Amino acid sequence: MTHESVHVPEGVRPARFRPSAGAFSAPSVSLDGEWRFRLFPEAETGADPADDGAGWDSLTVPGHWQLAGAPDTWPYGRPAYTNVLFPIPVDPPRVPRENPTGEYRRTVDVPAAWTSGGRVVLRFEGVDSWFEVALNGQVLARSHGSRLPTEVDVTDAVHAGENLLAVRVTQWSAQTYVEDQDQWWLSGIFRPVTLEHRPDGGIEHVRVHADYDHTTVTGTLRVDVEGGPARVTVPELGIDAAAGEEVTVAVEPWSAEVPRLYRATVTTGAETVGVDVGFRRVAIVDGVFTVNGAPVKLRGVNRHEFEPTRGRAVTAETMLEDVLLMKRHHVNAVRTSHYPPHPHFLDLCDVHGLYVVDENDFETHGFEPLGWRGNPTDAPEWEPVLVDRVTRMVRRDAHHPSIVMWSLGNEAGTGRNLAAMARAIRDLDPTRPLHYEGDWSCEHVDVYSRMYATSEEVALIGRGEETPLPDGVLDARRRAMPFVQCEYAHAMGNGPGGLSDYDALFDAHPRLMGGFVWEWIDHGIATRDDDGTPFSGYGGDFGEELHDGTFIADGMLLPDRTPSPGMVEMAAVYAPLRIDADPARPGELTVRNRYAFRDTAHVRLVWSLTADGEELAAGELDETPLAPGASRTVAPAADLLDGVDADPRAALWWTVRALQRDGVDGDAAWASPGTELGAGQLLLRPAGPLPAAAGNAARTEGGGDSAGTRPARTDDGGFAVGPVRLDRSGRLVAIGDRAVAVARVDAWRAPTDNDARTSWNDPIGDAEAWERAGLTRLHERLDTADVDGEALVVTGRTAGAATDCGLAVRYTWRPVDERAVDLTLEITPEGRWPGSVARLGLLLAVEQPDAADVMVDWVGLGPLESYADSARAALAGRWRHTVAELQTPYTHPQENGARRGVTRAALDLGGATLGLEAGGVTVGGRTVHGFELTARPWSDQALAAAAHPHELAADGMLWLHVDAAQHGLGSAACGPGVLPNARLVPAPVSLDVRLTIG
Ligand code: IPT
């Protein structure tokens with residue numbers, strides 16, 4: 001067998017379950033650390049496995065050779081990114097002769113005791129992609145399955161004392177054709193390696209069956225053991241049984257909400273293994289996905305293993321960080337896209353409570369562009385390989401209570417081998433439903449799964465009204481299945497939008513079992529530019545011949561694991577306590593307990609009354625716990641506003657937050673007291689109108705045209721209106737002593753990744769529609785500038801070259817006093833428009849040397865950016881951020897940072913404060929609360945042109961958008977675009993804003 005044969009591994013032992021670290025008595029040594037290493041250009045390296053590699057380089061195992069050393073000094077090739085396309089000619093099972101191949105060497109000291117009885121076993125947790133193992137010069141095994149374990153019995157080759165281990169790893173192999181996941185191509189021994197002593201009569205394999213019956217509140221345990229006769233004890237439950245014996249006792253069940261584990265000890269005379277047992281039952285009941293008898297919604301994420309400097313060689317610290325971040329963001333489920341994870345990750349899911357879809361290491365997506373010709377999924381010679389893969393996954397992982405479904409793989413089309421894999425899994429484990437998205441007929445699986453289906457289609461499926469399959473039998477079968485979106489809400493760049501729309505559907509329809517946001521983290525690789533400036537690289541940054549660019553930056557965490565606003569939005573949408581203002585019940589908030597198993601005894605409901613973000617009163621609501629699934633309404637006390645002494649201009653909000661109580665031990669690892677489990681707000685009184693201008697009295701007394709009382713002509717033929725100056729055409733050129741370089745209406749934004757792509761449901765993408773509408777090249781022609789009584793009225797038209805659609809604009813400038821001016825901006829679209837518009841509002845560029853340091857203090861939604869379809873996390877309040885902090889440094893720069901519902905803002909320009917206050921704002925005749933404010937130290941054009949955040953440089957201006965509205969986000973980068981409820985179409989808008997400077 002060579003790296004180019006379609007063959008199961010040879011010279012390997014049957015796959016074994018993986019006990020958690022330290023939970024076994026047999027001696028073992030870690031072989032992680034420094035190995036000798038040499039990279040060869042071809043698979044036939046000519047290196048002798050008996051050569052100890054003296055004089056070679058050194059490489060850290062686990063790791064990828066492409067990422068060895070500091071980011072700018074990688075000595076062994078570079079990472080390469082393709083999504084679907086194979087980076088090699090599609091000619092299975094052959095691969096190019098140019099095939100980077102690593103030769104690894106290390107010595108290992110074997111205790112004499114290991115060689116006098118029992119077996120000595122070498123275990124690899126993951127090697128990418130094909131490898132050959134030799135000990136003391138003798139080739140013993142050849143294996144593959146990059147994210148699967150391999151055990152090699154080395155007993156006959158090992159001796160006491162120093163032994164030489166040689167491993168040859170090829171980057172490309174026949175297996176490349178079934179490992180075409182959307183990720184970096186990275187090679188090498190990237191998971192741990194151990195050498196273990198297996199005693200005679202030891203425990204070869206453990207299979208835990210731990211069922212839970214919610215009707216009797218009992219658990220049934222049976223532990224099957226391969227190896228010597230074994231006993232199983234669970235002291236906490238008083239269980240002491242023979243392996244294979246079934247015992248039923250009263251237990252507390254395991255769930256992601258309450259991850260109750262019992263420690264079982266399995267012993268033969270020769271060996272003891274500890275295993276954490278969780279009693280639970282996953283079942284599909286009447287087409288509904290249930291755990292322990294209760295319907296459960298999966299509020300999930302897709303997780304690839306990734307660290308910016310280590311690739312898929314993730315550390316235990318990162319695994320824990322991921323799990324705790326998930327818990328803190330109210331994720332209850334994770335799909336291990338698209339391969340079994342490092343086994344320790346599953347231990348953490350058991351302990352902290354996450355439902356896992358464990359996915360086979362299998363994807364053949366690159367055959368799709370070829371019409372699936374030659375797809376291994378349907379090729380008989382691949383059957384043993386694919387069955388071997390699922391077998392190794394199930395045997396390694398089946399003891400984990402966290403795993404609630406097995407997945408056959410991802411994007412591998414259809415074919416005969418799906419049936420074989422499904423059969424193999426069911427033979428090993430009939431207790432968990434099977435998942436596979438790639439075959440919509442669902443012939444071999446137990447749940448109907450799709451990716452990126454639109455909300456309209458999800459609603460149809462929820463109601464059981466989906467388009468029938470041609471085959472009536474399969475259709476009836478599928479119609480009886482629960483439905484999951486194994487990928488949805490593509491979180492590329494700024495987004496996803498529309499998450500709460502999906503979530504509402506999941507809650508509304510029992511058949512819908514939830515979904516998994518795509519994806520957890522941007523796979524941005526830590527690198528440096530020519531000047532040594534660090535940045536996160538994506539496809540194309542490493543000289544790849546073929547690549548998929550920014551599509552690898554589509555996670556909710558930025559590469560350094562900073563949660564993006566999309567992640568915070570997801571946390572609000574996934575929150576277990578839903579606190580909603582329901583238009584049908586004015587004056588109340590509805591609090592809904594969305595746990596499947598927990599009541600709310602661990603939750604405090606605290607309220608506050610605020611006026612423009614300043615707290616006037618606060619308290620706690622009554623403590624009666626809500627049962628799982630139950631809801632009730634809460635309302636402010638009837639006399640709450642009596643005697644409230646607040647600025648009549650201030651909006652009054654009643655905010656209710658669900659907070660974790662003190663002393664909830666079970667959640668301690670992820671939830672400190674006060675952790676927010678849900679929040680909602682009720683607007684008790686909207687912001688009042690702008691106070692009228694000082695009045696004519698002052699004006700007449702002042703004797704006419706004194707500055708600040710009425711529009712005046714200036715010496716250069718322009719106008720002075722209150723604190724602002726306009727040129728003779730009526731263009732704003734200064735606010736106080738601050739020059740204004742750009743002042744016009746704007747309708748464009750730096751396209752998000754979602755704007756830039758064509759969605760599932762739109763004929764052209766938004767960015768393309770904006771281009772066609774001329775929004776990328778807007779100019780404003782001013783036609784008239786006339787003093788009309790107390791106001792200067794300026795009219796004109798904003799439009800782009802080569803189109804006949806445009807925006808009629810009308811500015812009415814009305815002085816308030818020397819410091820303040822009221823602007824009414826009316827924008828009226830004219831002509832035929834090809835699609836949406838990005839925004840409608842005023843763009844200003846104010847000269848400002850250190851614009852990034854300008855402090856912005858605003859009353860409105862915050863603290864993070866929000867958009868029309870990504871606003872669940874935003875709360876009305878008073879917030880302060882510098883302009884620098886208002887920017888979200890998406891791995892690929894794009895529109896970001898909008899703050900909505902702004903009624904007041906003060907920008908500290910250093911020596912002067914620019915104030916913005918909202919009057920009435922209407923969009924298409926509909927009144928909206930406040931305006932949308934965006935502030936940047938660079939232009940949208942610069943933002944759109946930058947490939948990476950570090951390329952953006954402040955240009956001496958403070959760029960401000962004061963918008964009546966902005967288009968939503970959607971998730972068109974892979975999926976549906978912006979839904980009608982968040983789409984900004986050309987419509988008349990009007991915006992009253994008071995500008996002050998002082
Ligand atoms: C889907 C893939 O399953 C996933 O790995 C990722 O590539 C995602 O797309 C996009 O980021 S497949 C796509 C054709 C829907």
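In listed order, ligands and their atoms are each counted from 1. In this text, all values refer to a predicted model and were calculated from it rather than measured experimentally.
Looking only at heavy atoms of the protein, atom 6 (C) of ligand 1 is closest to Asp182 OD2, 3.2 Å. The single protein non-hydrogen atom nearest to atom 5 (O) of ligand 1 is His338 NE2, 2.6 Å, given as residue, atom name and distance. When hydrogens are left out, the protein atom nearest atom 2 (C) of ligand 1 is Glu487 OE1, 3.3 Å; that is the closest non-hydrogen contact.
Contact atoms of ligand 1 toward Asn410: 2 (C), 3 (O), 5 (O) (distance under 4.0 Å to a heavy atom of the residue). Atom numbering of ligand 1 starts at 1 in the shown order; those under 4.0 Å from a heavy atom of Asp554 are 11 (O). Less than 4.0 angstrom separates some heavy atom of Met451 from each of these atoms of ligand 1: 1 (C), 3 (O), 12 (S), 15 (C).
Ring to ring, Tyr538 and His948 are close: their centroids are under 6.0 angstrom apart.
The aromatic rings of Trp372 and His365 sit parallel, their planes meeting at an angle under 30°, below the 60° perpendicular limit.
Comparing heavy-atom distances from atom 12 (S) of ligand 1 across His490, Glu411, Gln183 singles out Glu411 as nearest.
Within the model, atoms NE2 of His144 and OG1 of Thr170 stand 10.5 Å from one another, a figure rounded to the nearest 0.5 Å.
Checking each of Arg147, Arg312, Arg191 against Glu305 for a salt bridge (charged side-chain N to carboxylate O under 4.0 Å, His left out) leaves exactly one that passes, namely Arg191.
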Q: Evaluate the criterion ring-ring contact (aromatic ring centres under 6.0 Å, His included) for residue pair Phe506 and Tyr488; output intermediate values, then yes/no.
A: CA-CA 12 Å; Phe506 298 158; Tyr488 79 121; 5.4 Å; yes
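For the pair Met319 and Arg303, the tightest heavy-atom approach, listed with the atom from each and the gap, is CG-NH2, 3.9 Å. When all heavy atoms of Asn302 and Glu487 are compared, the closest pair comes out as ND2-CG, 3.5 Å.
With a heavy-atom cut-off of 4.0 Å, Val84 does not touch ligand 1 at all.
Of the N or O atoms in His365, none lie within a sub-3.5 Å distance of an N or O in ligand 1.
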